Enquirer: 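First, the structure itself, so that you have it in front of you.
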Amino acid sequence: MKRIGVFVCHCGINIAMTVDVKRVAEEAMNMPGVAYAQDYIYMCSEPGQALVREKIKEEELDAVIIAACSPNLHESTFRAAAEEAGLNPWQCEIANIREQCSWVHTNREKATSKAIRIVDTLVQKTILNESLEPIPVSITKKALVIGGGIAGIQAALDIADSGYKIILVEKESSIGGHMAQLSETFPTLDCSQCILTPKMVAAGKHPNIELMTYSEIEEVSGYVGNFNVKIKRKASFVDWSKCNGCGLCMEKCPAKVPSLFDRELATHGAIYVPFPQAVPNKPVIDKDNCIYFKSGKCRLCEKVCEIGAINFEQEDLIVEEEIGAIIVATGFETLPVPNLVEYGAGDVPDVIDGLAFERLLSASGPTVGEVRRPSDGMVPKEIVFVQCAGSRDPERYRPYCSKICCMYTTKHALLYKHRVHDGQPYIFYIDIRTGGKGYEEFYHNAELDEGIIYLRGKVAKIFRDGDKTVVWGTDTLTGRNIEIAADLVVLATAMIPKDSTAELVKKLRIQTGPNGFLSEAHPKLRPVESINSGFYIAGAAQGPKDIPETVAQASAAACKVISLFSRDHLEQDPAIAWVDEDLCGNCRICISVCPYDAREFDEEKGIVIVNEALCEGCGSCVAACACGATQQRNLSDSQIRSMVTASLGGE
Amino acid sequence: MSENMGLAPPKSPPIRLTREVVNSGFKQRVNELSGQHMDACYQCGNCSSGCPLAQEMDILPNGIIRLVQLGQRDEVINSETLWICASCFQCTVRCPKGIDIQAVMDALRQMALDEGVDHFGPDQIDPEQAALVPQPGLVGVYRKLST
């Protein structure tokens, strides 16, 4: 018989107030195999761990049970302590008498009796526990970053600088993302291009970064350290290896296509680069709008291209890559103006969104930085900014705060005043939120020096009246309604996840939250990891955030990948499913119930085996297996039977 | 006493804001006379919370500042608040943005006096009440009578 030690933690008063911990230790001494039992105020502290280590040696224990908090919290702590004292880590078990007992009960007598049964249950399990060894899994030390905005660029650069190879996949033809569209950035008013484009160039030139722009993720299989990724390289109809980026084709193209980069405030040809500073600076042909693809005539671009880079026969190409870790940095988009019915539903020409206003402010934008309204090109003298356009509106639009709008709207009003000195900006807001370094000061100065009128209230209605755009709002500070006949209205529309995120997460098998943003493994302590091993998240795809936070999260995600790649191999928890080959009837029910694709048919053996690297030890197949061939290590049927008996009071 | 503390009386028409209204010179004149910066106010309301005479006012001190910010001259100049204010400096001491609100009230009283807006005639002051009226209020009345 094993010699088992039981260590009962008070957890300060968390457990001891509701459970008689001394009695639990006394009763444990009467359980089969228990050779030693002791309580202590904080078992996880160094003296507590030292007690466990000391008694393992002194009492020659073969296994220990720590009756304390959830194994999620300290199983690894105590297994490390047990290992240090010479035990196999899988001979250390946690009896959860806090979350599952003291925290949820008030009756001390009954809670104590329950705690004793919980300990007994773990004693029964431990008697039959085998010693296990972690399963080594190899790692492909090459990362994939999905999304070429500032988050993806930063993560890629950080990983590349540490010496590992990276593939940076971007859906558009250039990296840069939304940050490339911005004019200047709060609170320092750095020119966005000036701080972004050097990073874009660095990413484009880095020997460890392979850019795959105009590309999308087609399929992802495998597991942490060993993903197989299929990437679709969309046909650009331009041979980028030949193209020297001279731009003649774009000049001559007779088609006029609204520029999405310029928020449809300008047009470009059907062959285009989204913006002149693009990386790579290579054009693509928009098949849906190309005159040749639509009518069979034209091919003007082909005629003017002296190096013969145009290739109308080009087809989508699927490339396969072996990848060790994946960072998802797919970014955001904004709630479309047409969704906002009370704000004109997109039908009032001088109601635009914040990104469109960025393009109007940008020196490389359609108006070369002059603020001119879309309807007639007039310089607006009365301009209204509307915050929370779709944010903080759980009834109709989005329940959350989009976080960046307070700051960028103040920046918009300020930059507008810098361009139009005799103009009057008004900002309607619900609350001004300026949490960030230097943010409150930025707002304070804008309010003090720029003559911006802040009006506290949500705008009810926006409509066109002649050439004016009338805004009906209120100012709750005076209790008076406000009416402004504006020349231009800018809506701070809600940040929403990219619509392609939903499809992508299905391919990656990672999770999103109720608002469609990527879910992190823990909101505070694991903010850059997905719950699925090997996936990391960065930037606004995880939730609304500004550039400094995005960059910080991207570097953090990169750091996690670098940490993963710094190991020789990964260690997989061996307490997973295994198959008794003589018993397996090959019914394959296990394949259908496995949520991790870890069960696969082995043609040679004619049975269904377990892919140990993929198995998470959830037990679904163990429960489903009709002939008892699949068993879970250290949770065998006989262990579970004796555990159930013990939990029912041993009868 | 107003039931609508700090807010304008109910049934007020909407304020039609234009750059002419906002930049009419009223706010700028208040800034000039008081030596304060009206746009520094972020409407926390601390001046009103600490005001010992707030319950007697038709518009709370922060409401006065707010209306100045929005260029609402007539409403401010005709407010009883200017004459209820005891110039006790509670508001000035409390303001987190360092605005000397008492100086703003002084400036507004001066502007009201310059306009000859009547608030108190000597015949309106009951001798018994006169004994209770704060001194700066009476001074304001005297100054008006002397111009």
Side-chain angles (χ1 to χ4, degrees), chain A residues 379-385 406 410 413-414 416-417 420-434 440-457 459-461 465 468 470-488, chain B residues 2-28 30-31 36-49 57-76 79 81 95-99:
Chain A
V379 175
K381 299 292 183 182
E382 307 265 6
I383 183 165
V384 174
F385 297 91
C406 286
T410 292
L414 185 146
Y416 165 75
K417 272 300 269 189
V420 186
H421 302 307
D422 61 342
Q424 180 60 53
Y426 309 88
I427 297 178
F428 281 96
Y429 67 97
I430 309 179
D431 292 298
I432 293 288
R433 297 177 170 182
T434 56
E440 175 66 15
E441 295 89 330
F442 180 77
Y443 160 60
H444 171 86
N445 291 337
E447 206 180 23
L448 202 61
D449 301 332
E450 306 291 348
I452 303 162
I453 298 286
Y454 283 83
L455 296 157
R456 190 185 176 281
V459 167
K461 187 175 167 131
D465 181 16
K468 293 283 183 184
V470 180
V471 179
W472 281 359
T474 195
D475 177 50
T476 61
L477 299 173
T478 53
R480 298 280 292 273
N481 277 359
I482 304 284
E483 188 179 312
I484 300 171
D487 299 319
L488 179 64
Chain B
S2 170
E3 288 298 308
N4 196 14
M5 301 280 282
L7 303 179
K11 298 184 186 170
S12 313
I15 296 175
R16 291 196 165 75
L17 282 183
T18 63
R19 61 192 172 125
E20 288 79 18
V21 169
V22 173
N23 302 299
S24 63
F26 175 54
K27 178 172 76 182
Q28 292 73 8
V30 175
N31 284 351
Q36 304 303 305
H37 202 324
M38 291 298 92
D39 288 330
C41 173
Y42 59 12
Q43 289 290 308
C44 72
N46 208 352
C47 49
S48 301
S49 328
M57 294 175 171
D58 57 348
I59 302 173
L60 289 175
N62 72 293
I64 292 284
I65 307 253
R66 182 66 184 150
L67 289 167
V68 175
Q69 286 176 337
L70 299 184
Q72 301 301 299
R73 180 191 182 94
D74 292 351
E75 219 169 300
V76 173
S79 164
T81 295
C95 178
K97 289 293 205 76
I99 302 170

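Keep in mind that what you see is a predicted model, and the values were worked out from it rather than measured. Below, chains carry the letters A, B, ... as their sequence lines are ordered, and counting in each starts from 1. Atom set for the values below is all heavy atoms of this structure, side chains included, hydrogens, waters and symmetry mates excluded.
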Enquirer: If I take atom CG from residue Leu448(A) and atom NZ from residue Lys97(B), how far apart are they, to the nearest 0.5 angstrom?
Expert: 7.0 Å

Enquirer: Just give me the residue among Ile453(A), Thr474(A), Asp449(A), Val471(A) that pairs up with chain B most often, heavy atom to heavy atom, under 4.5 Å.
Expert: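 Of the candidates given, the most pairs with chain B belong to Ile453(A).
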
Enquirer: Roughly how far, to the nearest 0.5 Å, is the CZ atom of Arg456(A) from the CZ atom of Arg66(B)?
Expert: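 Rounded to the nearest 0.5 Å, the CZ-CZ separation comes out at 10.5 Å.
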
Enquirer: Do Ile15(B) and Asn481(A) come close enough that some side-chain heavy atom pair is under 4.5 Å?
Expert: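 In short, these two side chains do not touch, never coming nearer than 4.5 Å.
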
Enquirer: Report yes if some heavy atom in the side chain of Asp475(A) is under 4.5 Å from a heavy atom in the side chain of Leu70(B); otherwise report no.
Expert: yes

Enquirer: Got a second to check how far Tyr42(B)'s OH is from Tyr454(A)'s OH, nearest 0.5 Å?
Expert: 14.0 Å

Enquirer: Measure distances from Leu455(A) to the heavy atoms of chain B and classify the residue's part below 4.5 Å as side chain, backbone, both or neither.
Expert: both

Enquirer: Hey, could you give me the CD/CG distance between Gln43(B) and Leu477(A), rounded to the nearest 0.5 Å?
Expert: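 So the CD of Gln43(B) and the CG of Leu477(A) are separated by 5.0 Å.
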
Enquirer: Do NZ/NE/NH1/NH2 and the carboxylate oxygens of Glu75(B) and Arg480(A) come within less than 4.0 Å?
Expert: yes

Enquirer: Quick check on side chain to side chain contact (heavy atoms under 4.5 Å, CB included): which of Val21(B), Asn23(B), Leu17(B), Thr18(B) does Gln424(A) satisfy it with?
Expert: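 Going through Val21(B), Asn23(B), Leu17(B), Thr18(B) one by one, the side chain to side chain contact (heavy atoms under 4.5 Å, CB included) with Gln424(A) is satisfied by Asn23(B) alone.
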
Enquirer: Using modelled atom types and a 3.5 Å cut-off, is there a donor and acceptor pairing between side-chain atoms of Glu382(A) and backbone atoms of Arg19(B)?
Expert: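 Judged by distance alone, yes, a pair lies under 3.5 Å.
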
Enquirer: A quick test of your reading: do over 12 heavy atoms of other residues, nucleotides or ligands sit less than 6.0 Å from NZ of Lys461(A)?
Expert: no

Enquirer: Using a 4.5 angstrom heavy-atom cutoff, name the option from Ile482(A), Ile484(A), Asn445(A) with the most pairs to chain B.
Expert: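 Sorted descending by pairs with chain B, the first entry is Ile482(A).
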
Enquirer: Which bit of Tyr426(A) is near chain B, if near means a heavy-atom gap under 4.5 Å: side chain, backbone, both or neither?
Expert: side chain

